[in-house]
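Just follow the structure's listing: the first ligand is 1, and inside any ligand the first atom is 1. For the numbers below, each heavy atom of this structure counts, side chains included, while hydrogens, waters and symmetry mates do not. Remember, it's a predicted structure, so these values are computed and weren't measured experimentally.
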Amino acid sequence: FEYASYNFAIKASIGISIYPYQTTDINTLLKYGDIAMYKSKKKGGNSIQVFTDQMSEELEVEASLKDVIARGEIVPYYQPIFDIHKNKIVGAEVLSRWIRNGEVLLPEVFIPVAKRIGCIVEIDYLMLDKACEFGQKWHMNGYTDFEIYVNMSYRSLKRPNCVEVIKGILNKYHINPEFIRLEITEDEVLDYPEYIVKVLNEIKALGIKISLDDFGIGYASFNHIKVLPLDILKIDQILVSRIEKDERNVAIIGTLIGLAHILGLEVICEGVEVSQHIDILKEIKCDKIQGYYISQPVEEMLFYKCFEHYSIN
Ligand code: C2E
Ligand code: MG
Ligand code: MG
């Protein structure tokens, strides 16, 4: 409609809950409809969303996440990074877990929510702190080249004092930055390449290395590799998971590895689940691997056991 020479369009955000399948209680039915309606608004509005169980769980996570972090329920798990040529564990990636009433919840439950509401920054810095503490123990025990990999989201890199915070954590543990690797994902960082490149260069000036995570899916492009100041390329598990069955995947990964090496990057393949993967990846000159075949992400104590196992064998 027109008002005072302006045109106005009315749009609707609709949430649907279904009686009697989802609930027979009228108040709950309205609450579910409301939750679905808010989801519709968040998606930009002018749309229809049907309530799902996941929606209410997400809302609960959203409401409690800040307290969860404050209570120390987000903890680090560690997954080995294995050098297939030296045949030993050379480092670990820190992956966050939520310990809720003794149950271990995966990042998929809380990381997307944390990214949306912003507290991913606290999680990232917390994990970096824990990872440096963990790395320092290795370095002090004589494993002076033990590598630590930490996921760093775009929001954390965008914080104005990001470099200062990272520097502060490095100083707190007096850890050699050369063995700290920050993992970024291109879909997150490529919206603001110039700014991100500047921040990443400042981080690199501290001595830290930069790794591009989940390469080979989504936005993957060799132009990004050229633009971003990278040291390591991590090839996504989706590409790796079926290499033993698909010659073409072997060719793709082999070519990626070749190109990455020409550009001076080290290559880590994720999602290595069977020994055949290792044989193939060795042949196509992959440097390091990560995957369930070596170990799932585990608590600190179990990580030591895993390390011991691979030192003996
Ligand atoms: P990512 O950084 O790519 O981490 C690797 C994921 O692959 C981990 O999932 C790991 O458990 C899984 N994985 C490793 N080896 C195998 C394998 O052989 N087979 C299969 N099927 N999966 C394997 P996880 O721990 O569930 O983490 C998922 C994602 O959540 C991570 O992917 C990372 O992007 C994000 N994430 C986790 N912790 C943090 C954090 O502290 N900060 C940020 N920003 N992101 C995090
Ligand atoms: Mg990662
Ligand atoms: Mg990955």
Side-chain angles (χ1 to χ4, degrees), residues 65 68-69 72-82 84 89 91-99 104-132 134 147-159 162 165-166 169 180-189 209-220 230-244 253 256 267-278 281 286 288-299 302-303 306:
L65 200 51
V68 165
I69 299 168
E73 289 180 21
I74 304 292
V75 302
Y77 266 42
Y78 301 95
Q79 187 176 31
I81 305 286
F82 189 87
I84 44 179
I89 293 172
E93 174 171 9
V94 54
L95 293 154
S96 52
R97 295 289 182 267
W98 175 5
I99 311 294
V104 183
L105 301 182
L106 292 174
E108 64 192 33
V109 177
F110 58 95
I111 291 286
V113 177
K115 282 186 180 168
R116 186 155 46 72
I117 65 174
C119 56
I120 188 67
V121 181
E122 278 106 86
I123 296 179
D124 282 349
Y125 292 161
L126 175 70
M127 288 303 121
L128 178 65
D129 188 284
K130 298 283 181 197
C132 286
F134 181 69
E147 301 161 2
I148 291 292
Y149 296 75
V150 185
N151 295 289
M152 201 46 66
S153 76
Y154 165 68
R155 280 187 97 127
S156 308
L157 292 171
K158 211 181 72 175
R159 273 278 164 98
C162 161
V165 173
I166 294 174
I169 296 172
I180 308 290
R181 279 101 215 259
L182 295 192
E183 299 199 346
I184 56 168
T185 50
E186 40 183 353
D187 58 330
E188 278 200 339
V189 300
K209 293 204 162 87
I210 309 293
S211 166
L212 186 62
D213 209 349
D214 305 338
F215 189 76
I217 52 157
Y219 300 79
L230 302 172
D231 304 282
I232 299 140
L233 192 69
K234 266 190 154 182
I235 296 181
D236 194 81
Q237 49 177 283
I238 287 181
L239 276 184
V240 179
S241 64
R242 289 170 43 83
I243 44 170
E244 78 281 19
I253 297 181
L256 284 180
V267 179
I268 302 175
C269 281
E270 301 186 290
V272 171
E273 292 187 349
V274 292
S275 66
Q276 275 165 293
H277 288 167
I278 300 191
L281 291 172
C286 170
K288 291 167 187 167
I289 57 157
Q290 180 178 359
Y292 293 171
Y293 182 74
I294 303 295
S295 165
Q296 293 198 6
V298 289
E299 291 165 86
L302 274 176
F303 186 92
C306 177

Open item on the list: I need the contact residues for ligand 1: any residue with a non-hydrogen atom closer than 4.0 Å to the ligand, ordered by chain then number.
Closed with: Q79, E93, L95, S96, R97, P107, I111, I120, I123, D124, M127, N151, S153, E183, D213, D214, Q237, E270, G271, V272, E273, G291, Y292, P297
Open item on the list: Check the orientation of F303 and F134. Use parallel for under 30°, tilted for 30 to 60°, and perpendicular for over 60°.
Closed with: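 It falls in the perpendicular class, over 60°.
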Task: Minimum-distance atom from the Mg ion (ligand 2) among N, O or S atoms of E93 - done: OE2
What closest approach, in Å, do [X] and [Y] show between heavy atoms, and which atom pair accounts for it?
X    : Y    : result
Y292 : E273 : CD1-OE2, 3.9 Å
Q79  : L95  : OE1-CD1, 4.0 Å
I120 : I111 : CD1-CD1, 3.7 Å
C269 : I253 : SG-CG2, 4.1 Å

- [ ] Kindly say whether D236 contributes a backbone atom to a donor-acceptor pair with the side chain of D214 at under 3.5 angstrom?
- [x] no
Task: Donor-acceptor under 3.5 Å (Y125 side chain, S156 main chain) - done: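 Yes.
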Open item on the list: Any donor-acceptor pair under 3.5 Å linking the side-chain atoms of S153 with those of D124?
Closed with: yes
Open item on the list: Once rounded to the nearest 0.5 Å, what's the spacing between atom CD1 of I243 and atom CD of Q276?
Closed with: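 It comes to 9.0 Å.
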Open item on the list: Between K288 and E147, does any NZ, NE, NH1 or NH2 come within less than 4.0 Å of an OD or OE carboxylate oxygen?
Closed with: yes
Task: Under-2.8 Å protein N/O/S neighbours of the Mg ion (ligand 3), ordered by chain then residue number - done: D213 OD1, D214 OD1, E270 OE1, E270 OE2
